[in-house]
Amino acid sequence: MTTHYDPAAPAEETHAPGGGNGGPPPAAPPADHHHHHHGQHGQHGQHGQHGQHGHHGQHGQSGGSRLGRPWRGRPEDPGWVRPAFLGLLLATAVLYLYNLSASGYANSFYSAAVQAGSQSWKALFFGSLDAGNAITVDKPPAALWPMALAVRIFGLSSWSVLVPEVLMGVGTVAVVYAAVRRRFSPAAGLIAGAVLALTPVAALMFRFNNPDALLALLMSVTCYFVVRALEDGRTKWLVWAGVAVGFAFLAKTLQAFLILPPLALVYGVCAPVRLRRRLGQLALATLAIVVSGGWWVAVVELWPASSRPYIGGSQNNSFLELTFGYNGLGRLNGEETGSVGGGGGGGMGGGSQWGETGWDRMFNSEIGGQISWLLPAALILLVAGLVATRRAGRTDAARASFLVWGGSLVTTAAVFSYMAGIFHQYYTVALAPYLAAVVGMGAAALWERRERLWASLALAAAVTATAAWGYVLLNRTPAYLPWLKWLVLVGGLAAALGLVFAGRLDRRALFAAAGLGLVASLAAPTAYTLSTVSEGHSGSIVTAGPSGASMMGGPGGGGGRGGFPGGGFPGGGNAAPGQGQTQGQGQSGPGGGGGGGFPGGGTAPGQNGQNGQAPNSQAPNSQAPNGRSNQNGAAGEGGGMAGGMGGGGGMGGLLNGAEVGSEAKKLLETDAGSYTWAAAAIGSQNAASYQLSTGDPVMAIGGFNGTDPSPTLAQFKEYVAEGEIHYFIGGGTGGGTGGDDSGTASQITSWVEAHFKEVTAGSATFYDLKQPTD
């Protein structure tokens with residue numbers, strides 16, 4: 001059948017990549033390679049401009065054909081391709097939108113900043129936690145911008161905050177599909193997209209408002225553009241890749257740079273242009289990174305500190321210090337000044353207060369159920385794909401695709417495995433696009449070579465490894481669908497046996513074995529994904545899958561949940577907020593006594609016996625639990641964090657915000673418009689809860705951990721003297737209070753308690769800064 005040039009397609013899609021610098025052309029041309037052009041063989045008559053019978057006249061396809069192309073797809077595609085792709089995107093959207101409001105405002109820390117950005121353009125630009133612009137979140141603001149704009153348009157709600165994240169997830173699936181489909185086949189792209197959509201941690205984070213969703217999307221876009229550049233050597237694709245990395249930096253700082261070494265190396269070696277041009281293109285891409293990521297940094301650093309918010313997470317009000325310290329090298333070596341525990345790192349191997357490090361970290365009980373279901377298969381398929389393309393020329397685009405996505409996967413996984421600083425399970429969503437792409441490409445490459453014994457054995461090995469590892473992961477939660485592990489194991493082994501003989505089976509048996517292998521491989525992560533979307537998630541530490549699927553353990557502590565010294569969370573409990581079987585924990589109100597554990601005292605979540613509630617009672621489905629609910633949404637086990645939690649949220653409001661009662665809400669809303677801040681609270685999560693509940697700015701003293709020196713005691717006294725703050729919220733805590741009397745938060749707390757009238761509203765304690773006691 002003759003194929004024809006499509007003038008609606010980009011020019012580079014009409015030619016196979018050249019073998020620049022004298023290299024041979026790719027071993028396998030791209031799926032969209034066209035062999036004939038206008039007028040060849042006399043195919044195009046004078047009426048060809050009407051696009052009849054698939055022919056093209058002088059001016060290409062008619063407007064009707066152009067409009068129909070999004071639904072029909074490429075002319076050379078089978079009819080099922082575009083409907084299947086659109087169906088994949090629709091199914092992903094429906095899956096991720098299901099039960100979305102159960103998470104309330106998800107991470108109230110970021111939701112408060114979104115709310116502030118919807119009220120103040122200055123807060124939007126800087127990423128301020130409050131519209132009064134006292135302090136920013138501890139990340140750059142790019143991830144907040146889509147949500148804040150949505151809230152400006154649609155008003156504050158769970159959906160307006162979280163739907164932009166869902167759209168990022170759908171977009172990431174589309175980008176991965178497009179990248180894999182270009183060089184391999186539509187089926188390969190569909191497999192890659194399905195693997196990504198059904199990865200449990202992806203289903204978690206594309207329904208959550210942390211920066212990781214935007215980061216995953218932009219990293220996928222980066223790889224896509226690099227693959228395009230490797231096809232034809234055009235500078236524009238590499239520059240666009242640099243732009244994507246720059247904006248990814250504005251989402252989550254240096255994590256965006258993890259994949260730069262493999263990408264630069266692959267392009268420097270494999271691009272189809274001369275070496276000098278390659279080096280020049282890489283220099284331009286680097287410039288694009290600096291410009292697209294550095295413009296905001298330059299504005300912040302040059303802006304007078306007195307007229308902008310304090311940079312949250314830094315110790316000297318510098319974004320550069322935040323980038324290279326707390327959010328940079330500190331994440332690798334554990335020396336994170338200002339973090340929980342004061343930055344005593346655990347080194348690059350063995351244990352740290354954030355869990356065990358080592359080559360097997362992605363497979364252990366903390367991380368495995370989040371991301372690793374198809375990780376063994378991906379590694380097998382990556383090696384097999386490189387073997388399959390070993391004899392291709394330097395510029396072979398198929399091999400380059402394996403190196404781009406596989407290099408990104410291996411590099412990121414290696415860094416995650418050995419970083420000794422703050423590490424949470426949901427960080428692994430960054431691996432999901434790379435893993436999915438490698439699986440799709442590897443499966444397609446081996447399927448095309450299935451008549452060769454080594455290829456059929458490699459396919460069988462990938463399915464066997466997936467089935468065996470799925471059984472192991474499911475066996476870690478034996479009460480969860482106990483029959484599923486056997487279905488996965490038996491079905492996977494049966495499919496693998498059939499794939500061993502793929503070269504000899506008839507068509508029906510062959511496709512039966514392949515279909516069974518695909519179902520067995522995706523069954524377990526699909527179950528975990530369905531469990532994830534059926535429950536609400538909120539707070540700072542969230543995990544995917546059913547209850548108990550991700551057991552955190554600190555050094556020396558088997559079975560501890562918190563990743564803190566001793567194997568549990570401070571205070572002797574072993575249930576972390578937002579994790580485990582008791583994630584429907586209720587939250588006590590601010591205030592309260594108690595001692596031990598984290599400084600500041602207070603009541604543990606769940607001890608008051610209330611049902612778990614979202615930090616903001618006004619959120620849709622306000623009964624959404626903090627963390628992740630158990631089946632009946634009841635309170636978690638009391639005493640799980642007994643002693644040592646103040647402010648009502650996990651770790652004294654450090655990980656989850658406080659429940660805001662109606663009396664406290666009414667008190668803060670009274671005459672709030674007369675003040676810059678309706679109240680001030682220790683720690684960002686406590687402040688965020690009250691701000692989301694009232695809609696009025698609440699100052700977060702000390703930032704997220706309560707350890708930032710902002711504001712100083714002198715500055716706070718000045719704010720009070722000028723009548724800018726109405727109330728001080730008692731009972732909050734953070735790393736800067738308690739035993740460290742020199743901390744700013746502790747100094748402010750002591751001064752307020754000594755000089756202002758105490759007011760009680762429900763179970764919450766406030767200090768009226770307009771009524772001094774002396």
S.K.: Can you tell if the side chain of Ile682 reaches within under 4.5 Å of the side chain of Thr749, non-hydrogen atoms only?
M.R.: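 Yes, their side chains come closer than 4.5 Å.
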S.K.: Is any side-chain heavy atom of Phe728 less than 4.5 Å from a side-chain heavy atom of Asp768?
M.R.: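 In short, these two side chains do not touch, never coming nearer than 4.5 Å.
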S.K.: How many angstroms lie between CE in Met147 and CG in Leu156, if you round to the nearest 0.5 Å?
M.R.: 11.5 Å
S.K.: Do Leu769 and Val752 pass the side chain to side chain contact (heavy atoms under 4.5 Å, CB included) test, and can you show the C-alpha distance, the side-chain angles, and the key distance before you say yes or no?
M.R.: CA-CA 8 Å; Leu769 302 181; Val752 168; 4.1 Å; yes
S.K.: Please name the pair of heavy atoms, one in Ala664 and one in Ala764, separated by the smallest distance, quoted to 0.1 Å.
M.R.: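 Nearest heavy atoms, Ala664 then Ala764: CB-CB, 4.3 Å.
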S.K.: Measure up the Trp295 and Phe125 rings against each other and bin them: parallel (under 30°), tilted (30 to 60°), perpendicular (over 60°).
M.R.: tilted
S.K.: State which residue, out of Asp130, Thr136, Val300, Leu129, fulfils the side-chain contact (heavy atoms from CB on, under 4.5 Å) condition with Pro309.
M.R.: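 Of the listed residues Asp130, Thr136, Val300, Leu129, the side-chain contact (heavy atoms from CB on, under 4.5 Å) partner of Pro309 is Thr136.
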S.K.: Hey, does Tyr675 have a side-chain heavy atom less than 4.5 Å from the side chain of Pro697?
M.R.: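 Side-chain contact under 4.5 Å: no.
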S.K.: Check whether any side-chain N or O of Gln119 sits under 3.5 Å from a backbone N or O of Gly695 as a donor-acceptor pair, and report yes or no.
M.R.: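 Confirmed, Gln119 side chain pairs with Gly695 backbone.
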S.K.: Show the nearest heavy-atom pair for residues Glu366 and Gln425, with the distance to one decimal.
M.R.: O-CG, 3.1 Å
S.K.: Please check if the side chain of Glu663 supplies one atom and the backbone of Gly762 the other of a donor-acceptor pair under 3.5 Å.
M.R.: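 Checked: pair present.
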S.K.: Between Thr323 and Leu254, what is the shortest heavy-atom contact and its length?
M.R.: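 That would be O-CD1, 3.6 Å.
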S.K.: I'd like to know if the side chain of Ser160 reaches the main chain of Ser157, judged simply by a donor and an acceptor atom lying under 3.5 Å from each other, with no hydrogens or angles considered.
M.R.: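 Pair found, side chain donor or acceptor close to backbone of Ser157.
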S.K.: Under the side chain to side chain contact (heavy atoms under 4.5 Å, CB included) rule, what do Ile311 and Ser318 come out as? Steps first, then yes or no, please.
M.R.: CA-CA 6 Å; Ile311 304 301; Ser318 167; over 6 Å; no
S.K.: Just by distance, do the side chain of Ser111 and the backbone of Tyr105 share a donor-acceptor pair under 3.5 Å?
M.R.: yes
S.K.: Would you check if the side chain of Ser118 reaches a backbone N or O of Arg152 as a donor-acceptor pair within less than 3.5 Å?
M.R.: no
S.K.: Could you tell me whether Tyr767 and Tyr727 have their ring centroids closer than 6.0 angstrom?
M.R.: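 No, ring centres 6.0 Å or more apart.
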S.K.: Given 3.5 Å as the limit, does a donor-acceptor pair link the side chain of Asp708 with the main chain of Gly313, or not?
M.R.: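 Flag set: sc Asp708 to bb Gly313 pair under 3.5 Å.
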S.K.: Does the side chain of Leu144 come within less than 4.5 Å of Val137's, by heavy atoms?
M.R.: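 When only atoms from C-beta onward are counted, Leu144 and Val137 do touch, with a gap below 4.5 Å.
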S.K.: Closest heavy-atom contact between Thr773 and Lys757?
M.R.: CG2-N, 3.4 Å
S.K.: In Å and rounded to the nearest 0.5 Å, what is the CZ to CH2 distance from Phe756 to Trp751?
M.R.: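 If I round to the nearest 0.5 Å, the distance is 3.5 Å.
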S.K.: What's the separation between atom CD1 in Ile367 and atom OG1 in Thr543, rounded to the nearest 0.5 Å?
M.R.: 10.0 Å
S.K.: Arg361 versus Met419: any side-chain heavy-atom pair under 4.5 Å?
M.R.: yes
S.K.: Are a donor atom and an acceptor atom from the side chains of Ser674 and Asp671 found within less than 3.5 Å of each other?
M.R.: yes
S.K.: Go through the steps to decide whether Leu668 and Phe766 satisfy the test side chain to side chain contact (heavy atoms under 4.5 Å, CB included), and finish with yes or no.
M.R.: CA-CA 10 Å; Leu668 292 186; Phe766 300 89; 3.9 Å; yes
S.K.: Strictly distance-based, threshold 3.5 Å: is any side-chain N or O of Ser103 a donor or acceptor partner for the main-chain N or O of Gly536?
M.R.: no
S.K.: Would you mind reporting whether Lys665 and Ser693 have side-chain heavy atoms less than 4.5 Å apart?
M.R.: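 Result yes, sub-4.5 Å side-chain heavy-atom pair found.
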S.K.: Begin from the C-alpha positions of Trp677 and Glu724 and carry the test side chain to side chain contact (heavy atoms under 4.5 Å, CB included) through to its verdict.
M.R.: CA-CA 6 Å; Trp677 295 279; Glu724 296 194 61; 3.7 Å; yes
S.K.: Which one of His424, Gln255, Lys252 satisfies the side-chain hydrogen bond (donor to acceptor under 3.5 Å, both in side chains) criterion with Asp212?
M.R.: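 In the set His424, Gln255, Lys252, the residue that makes a side-chain hydrogen bond (donor to acceptor under 3.5 Å, both in side chains) with Asp212 is Lys252.
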S.K.: Measure the shortest side-chain to side-chain distance between Phe208 and His537 over non-hydrogen atoms and say whether it is less than 4.5 angstrom.
M.R.: yes
S.K.: Give a yes or no on whether the ring-centroid distance for Phe257 and Phe249 is below 6.0 angstrom.
M.R.: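 Aromatic pair counts; centres sit under 6.0 Å.
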S.K.: Side chains of Gln315 and Glu321 only: does a donor on one sit below 3.5 Å from an acceptor on the other?
M.R.: no
S.K.: Give me the atom names and distance for the closest heavy-atom approach of Gln685 to Asn107.
M.R.: NE2-OD1, 3.0 Å
S.K.: Can you tell me how far apart CD1 (Ile135) and CD1 (Ile701) are? Round to the nearest 0.5 Å.
M.R.: 10.0 Å
S.K.: Looking at Thr744 and Thr712, what are the two nearest heavy atoms and their distance?
M.R.: CG2-CA, 3.9 Å
S.K.: CG of Asn210 to OH of Tyr426: how many Å apart, nearest 0.5 Å?
M.R.: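 Going from CG on Asn210 over to OH on Tyr426, the span is 4.5 Å.
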S.K.: Can you say whether the rings of Phe416 and Tyr427 are parallel (under 30°), tilted (30 to 60°) or perpendicular (over 60°)?
M.R.: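 Rings of Phe416 and Tyr427: tilted, as their planes differ by 30° to 60°.
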S.K.: Do the side chains of Asn317 and Arg308 get nearer than 4.5 Å, heavy atoms only?
M.R.: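 When only atoms from C-beta onward are counted, Asn317 and Arg308 do touch, with a gap below 4.5 Å.
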S.K.: Would you find a donor on one side and an acceptor on the other, under 3.5 Å apart, between the side chain of Glu301 and the backbone of Phe319?
M.R.: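 Answer holds: yes.
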S.K.: Quick one: does any side-chain atom of Thr760 pair with a main-chain N or O of Thr765 as donor and acceptor, under 3.5 Å?
M.R.: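 No, because the side chain of Thr760 does not come within donor-acceptor range (under 3.5 Å) of the backbone of Thr765.
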S.K.: Do the side chain of Thr694 and the main chain of Tyr690 share a donor and acceptor less than 3.5 angstrom apart?
M.R.: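 Side chain of Thr694 to backbone of Tyr690: a pair is present.
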S.K.: Honestly, is Lys139 close enough over Tyr110, meaning NZ or CZ under 6.0 Å from the six-membered ring centre and within 45° of the axis?
M.R.: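 No.
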S.K.: Output the distance between atom CE (Met699) and atom CD1 (Ile725), rounded to the nearest 0.5 Å.
M.R.: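 Here the interatomic distance stands at 4.0 Å.
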